Amino acid sequence: MSGASEKPGVLNGFEETVKDFWASRPRRPHAGRKLAGVAAAIGYRYGVDPVVVRIALVVTTIFGGFGIPFYLLGWLFLPAESDEVSGFESLIGRGRSSVSPAFAVVLLVLTVVSTGGSITGSWFDGGGLISCALIAAALYLLHRSRGHLNRPAPVAARTSYPAFTGNGAFTMTDTAEAPSPARGWDPLAADPAGWDLPDAPAVQEPRPASPPPSYRSPQRRHRSKVGSATFALAVLTAGAGVLASLDGAGWFSAQHVIGLVLGVVGVGLVAGAFAGGGRGLIGLAVPLAIVGMVLTTAPFQDINLRGGFGDLGETPQALTDLKPLYQHAAGDIRLDLTDLPEGAPYSTTVSNGAGDTTVLVPATADVTFDCRTGAGEATCFGRSTDGVDQEALSGTDNGTDGVGGQKITLHVSNSVGNVEVRRA
């Protein structure tokens, strides 16, 4: 049997909690489900809004990728409310389930594949393991605190139908009705049924009037502090990540900062499931998840928050004015090198997150270059590429006079926007 109707005592340790969870695990309902009913089963079992469970699964899917394997595991190991056992148990012959053996094998294969993908292919370093640990911890704490609620009753095994019982002519037991004894003699020779007079109608007592319903003033909904505390912590986490990125910490890219904030919001949603609040965090988690998913695409892989925002224009007049790195988070960059005096070779790097970048070089300079953009058009000395995640343009251009001009080395890159390197 997969259910348990007995109310548990005090769960003393981890092993007892896990055993009791398995004995009284949620059952997937037929009503209120969106797909297989896994989120609805967890919500109804522990008195949590299923919408919160669904949002938590979406967040863990985007944050670490483990939401999909967890849903498939629930589909495979949580029985439906009318089944004796789960689909996996039915596959190994433990009882009856509405999940067919063939579909259970498909679910098992998809679970293995998606679990491996969530661990090895997460865009956030270690995100698959982190999301798996968060889901396991949330289930464990939910069962420890609310395992006594809504415990499913066991589903009785299907029994054989009762044998048909006929009359004495066809069975060993005579079930034919015995003839009724003869009626007494009536001297008037009247039909006995004529003496059966109808009974007098019963007098119905008047029902007492129901008292008018008492007016109850609407109770003010208790506002949980989980949402406010989580929002404040998410803002602090985002601010700390941005400051670390501006300070030169290479790990704190835009993707990682969004991932950290999503992790804080996910913890807040789990805490809100216990405390009965935090539903407003859904409006924060959804756009953050979308932004995080967009930033994982190829054009945004190298985007960072260092360098500031706005347009940047530089025209160095001497080699001492030339910077080795011109970096910007967002905005247009225009670097004019035509006023630099000829002399020793020099090099510089231009990196832009989002915006257009233009570099001007002297007409006779010998330029060794490589320029690329994640999404947009790159044009360098008459060569060009256009599109998303194109290969970098690299080479050497000696100008109209051939070899013998000022030696310049340029590295120009954009995450999103157009790149142009040309002669003045």
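Here, residue 1 is the first one in the sequence, and each next residue gets the next number. This structure is a prediction, so every number in the text was calculated from the model and none was measured.
- Without hydrogens or angle criteria, R27 side chain to P152 main chain gives no donor-acceptor distance under 3.5 Å.
- A donor-acceptor contact shorter than 3.5 Å links the side chain of D311 to the backbone of D332.
- When atom types are taken as modelled, the side chain of D83 and the backbone of R96 share no donor-acceptor pair closer than 3.5 angstrom.
- With N150 contributing its side chain and Y44 its backbone, the two residues share a donor-acceptor pair below 3.5 Å.
- The backbone N or O of G37 sits nowhere less than 3.5 Å from a side-chain atom of R28 that would complete a donor-acceptor pair.
- Between S98 and A80, the closest heavy-atom pair is OG-CB, 4.1 Å.
- Looking only at distances, no side-chain donor or acceptor of R144 sits under 3.5 Å from a matching main-chain atom of L141.
- Under the salt bridge (charged side-chain N to carboxylate O under 4.0 Å, His left out) criterion, E377 pairs with no residue, sequence neighbours left out.
- A donor-acceptor pair under 3.5 Å links the side-chain atoms of R33 to the main chain of P29, judged by distance alone.
- Screening residues 349-398 for ring-ring contact (aromatic ring centres under 6.0 Å, His included) gives F369-F381 as the qualifying pairs, with residues at least two apart or on separate chains.
- Applying the ring-ring contact (aromatic ring centres under 6.0 Å, His included) test to residues at least two apart or on different chains, none of the pairs has a partner in residues 401-424.
- K323 pairs by the side-chain hydrogen bond (donor to acceptor under 3.5 Å, both in side chains) definition with nothing, not counting sequence neighbours.
- T373 places a side-chain N or O within donor-acceptor distance of the main-chain N or O of G417, the cut-off being under 3.5 Å.
- D366 contributes atom CG, which lies 8.5 Å from atom CD1 of I408 (distance to the nearest 0.5 angstrom).
- Among all heavy-atom pairs drawn from V265 and A234, the shortest one is CG2-CB, 4.4 Å.
- Contact of the T230 side chain with the V267 side chain is not registered, since no non-hydrogen atoms from C-beta on lie closer than 4.5 Å.
- A donor-acceptor distance shorter than 3.5 angstrom exists from the side chain of N352 to the backbone of G331, with no hydrogens or angles considered.
- A tilted orientation is assigned to the rings of F88 and F77, their planes being inclined by 30° to 60°.
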Would you give me the side-chain donor-acceptor pairs under 3.5 Å for residues 337-346, sequence neighbours excluded?
| from | atom 1 | to | atom 2 | distance (Å) |
| --- | --- | --- | --- | --- |
| T338 | OG1 | D336 | OD1 | 2.6 |
| T338 | OG1 | D336 | OD2 | 3.4 |
| D339 | OD2 | Q317 | NE2 | 3.3 |

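- Residue pairs meeting the ring-ring contact (aromatic ring centres under 6.0 Å, His included) criterion with at least one partner in residues 349-368, sequence neighbours excluded, do not occur; the list is empty.
- Between the side chain of R45 and the backbone N or O of G147 there is at least one donor-acceptor pair closer than 3.5 Å.
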